[in-house]
> 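Okay, here's the structure, questions in a sec.
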Amino acid sequence: MANVESFDLDHTRVHAPYIRLAGVKTTPRGDHISKYDLRLLQPNQGAIDPAALHTLEHLLAGYLRDYLPTVVDVSPMGCRTGLYMAVIGEPDEQGVLGAFQAALQDTASHEWPIPGVSELECGNYRDHDLAQARHLARAALEQGLKVQETVLIQR
């Protein structure tokens, strides 16, 4: 099985909320795709309710693109402590941090409707929680976001 970057991260030594450059891939044409860990909750100390995480995914997918037009994808983490974001190129971490802060501020103040929430647009359109998504965005901002260095497991 191929090595998975997140399985090498020492989840006991990172401190959420944060952004972290999780890796950079180079395409066959030489383009760079950067993957960022956008962590809202401390690993193994909490989990985002699926409905709230689904709403965060919908909102951040749009708001992050407002600040970083090279966003390719925003996807929830399976552990439900944050999201991954893939971008074209290698934006500096402070720029990504600023974009995430701004997108969380937009999320914290977002009113209905949630974008992309209909049977036609979404595969589970009934499973959303805007109030909790707004709460999580506010909480992360109040705690203070930072750039987290990757801390590898010492094997």
Side-chain angles (χ1 to χ4, degrees), residues 2 4-9 11 14-25 27 31-148 150:
V4 178
E5 179 274 337
S6 65
F7 298 164
D8 289 333
L9 178 69
H11 288 76
V14 295
H15 302 286
Y18 63 76
I19 67 109
R20 179 183 69 85
L21 178 62
V24 178
K25 300 282 187 188
T27 70
D31 298 309
H32 296 264
I33 307 285
S34 301
K35 177 177 145 185
Y36 285 89
D37 170 344
L38 308 177
R39 194 75 61 147
L40 295 170
L41 297 183
Q42 185 63 28
N44 298 305
Q45 293 185 17
I48 302 169
D49 177 78
L53 187 58
H54 191 190
T55 302
L56 285 166
E57 175 194 12
H58 277 239
L59 293 174
L60 291 173
Y63 285 137
L64 281 164
R65 283 175 170 87
D66 289 345
Y67 302 101
L68 290 171
T70 59
V71 169
V72 173
D73 186 46
V74 177
S75 303
M77 293 178 172
C79 64
R80 302 188 347 250
T81 59
L83 300 103
Y84 285 115
M85 176 180 69
V87 297
I88 298 169
E90 297 182 65
D92 72 279
E93 290 175 322
Q94 290 302 317
V96 172
L97 179 66
F100 191 39
Q101 286 172 321
L104 285 174
Q105 288 169 345
D106 291 342
T107 298
S109 62
H110 187 89
E111 298 291 335
W112 292 97
I114 301 166
V117 177
S118 73
E119 185 176 16
L120 189 63
E121 301 164 304
C122 180
N124 194 7
Y125 76 99
R126 293 181 192 97
D127 190 29
H128 283 276
D129 186 339
L130 178 58
Q132 184 62 16
R134 291 177 63 183
H135 169 75
L136 289 161
R138 279 192 301 275
L141 291 166
E142 289 169 3
Q143 290 174 41
L145 296 169
K146 63 188 160 300
V147 174
Q148 170 71 56
T150 296

> Look at atom CG of N44 and say whether more than 12 heavy atoms of other residues, nucleotides or ligands are closer to it than 6.0 Å.
no

> Return the minimal non-hydrogen interatomic distance between R134 and S109, and the atom names on each side.
NH2-CA, 4.1 Å

> Under the salt bridge (Lys or Arg N to Asp or Glu O under 4.0 Å) rule, collect the residues that match up with D8, sequence neighbours excluded.
R155

> Heavy atoms, side chains only, cut-off 4.5 Å: are L9 and T150 in contact?
yes

> Write down the atom of V14, the atom of P43, and the distance for their closest heavy-atom approach.
CG2-CG, 3.9 Å

> Do you know which two heavy atoms are closest between L97 and L145, and how far apart they sit?
CD1-CB, 3.6 Å

> Which donor-acceptor pairs under 3.5 Å do the side chains of residues 83-95 make with protein atoms, sequence neighbours left out?
residue : atom : partner : partner atom : Å
E90     : OE2  : H32     : ND1          : 3.2
D92     : OD2  : Q94     : N            : 3.1
D92     : OD2  : G95     : N            : 2.8

> Do H11 and R39 come within less than 4.5 Å of each other through their side chains, counting heavy atoms only?
yes

> Does the E57 side chain pair with the main chain of S75, one donor and one acceptor, at a distance under 3.5 Å?
no

> Any idea how H54 and H128 line up, ring-wise: parallel (<30°), tilted (30 to 60°), or perpendicular (>60°)?
parallel

> In sequence, state the C-alpha distance, the side-chain angles, and the governing distance for L136 and L53, and then conclude on side-chain contact (heavy atoms from CB on, under 4.5 Å).
CA-CA 9 Å; L136 289 161; L53 187 58; over 6 Å; no

> Of the non-hydrogen atoms in A140 and P17, which two are nearest, and what is the gap between them?
O-CG, 3.6 Å

> Roughly how far apart are D49 CG and L56 CG, rounded to 0.5 Å?
10.5 Å

> Is the backbone N or O of V72 less than 3.5 Å from a side-chain atom of R65, with the two atoms forming a donor-acceptor pair by type?
yes

> Taking atom CE of M77 and atom CG of L40, what is their separation to the nearest 0.5 Å?
8.5 Å

> Between E119 and Y125, is there a donor-acceptor pair closer than 3.5 Å when you use the side chain of the first and the backbone of the second?
no

> If we only count heavy atoms from C-beta on, is the D37 to Y18 side-chain gap below 4.5 Å?
yes

> Measuring from atom OH of Y36 to atom CG of L64, what distance do you get when rounded to the nearest 0.5 angstrom?
12.0 Å

> Table please: side-chain donor-acceptor pairs of residues 100-108 below 3.5 Å, with sequence neighbours left out.
residue : atom : partner : partner atom : Å
D106    : OD2  : Y67     : OH           : 2.7
T107    : OG1  : A103    : O            : 2.9

> Just to verify, what does T27 make a side-chain hydrogen bond (donor to acceptor under 3.5 Å, both in side chains) with, not counting sequence neighbours?
none

> Under the side-chain hydrogen bond (donor to acceptor under 3.5 Å, both in side chains) test, which residues partner H110, sequence neighbours left out?
Y63

> For P115 versus L59, what's the shortest heavy-atom pair and its separation?
CD-CD2, 3.6 Å

> Could you check whether any side-chain N or O of K25 sits under 3.5 Å from a backbone N or O of K35, counting only pairs where one atom can act as donor and the other as acceptor?
no

> In chain order, what residues pass the side-chain hydrogen bond (donor to acceptor under 3.5 Å, both in side chains) check against T70, with sequence neighbours excluded?
none

> How far apart are the closest heavy atoms of D129 and Q132, and which atoms are they?
OD1-N, 2.9 Å

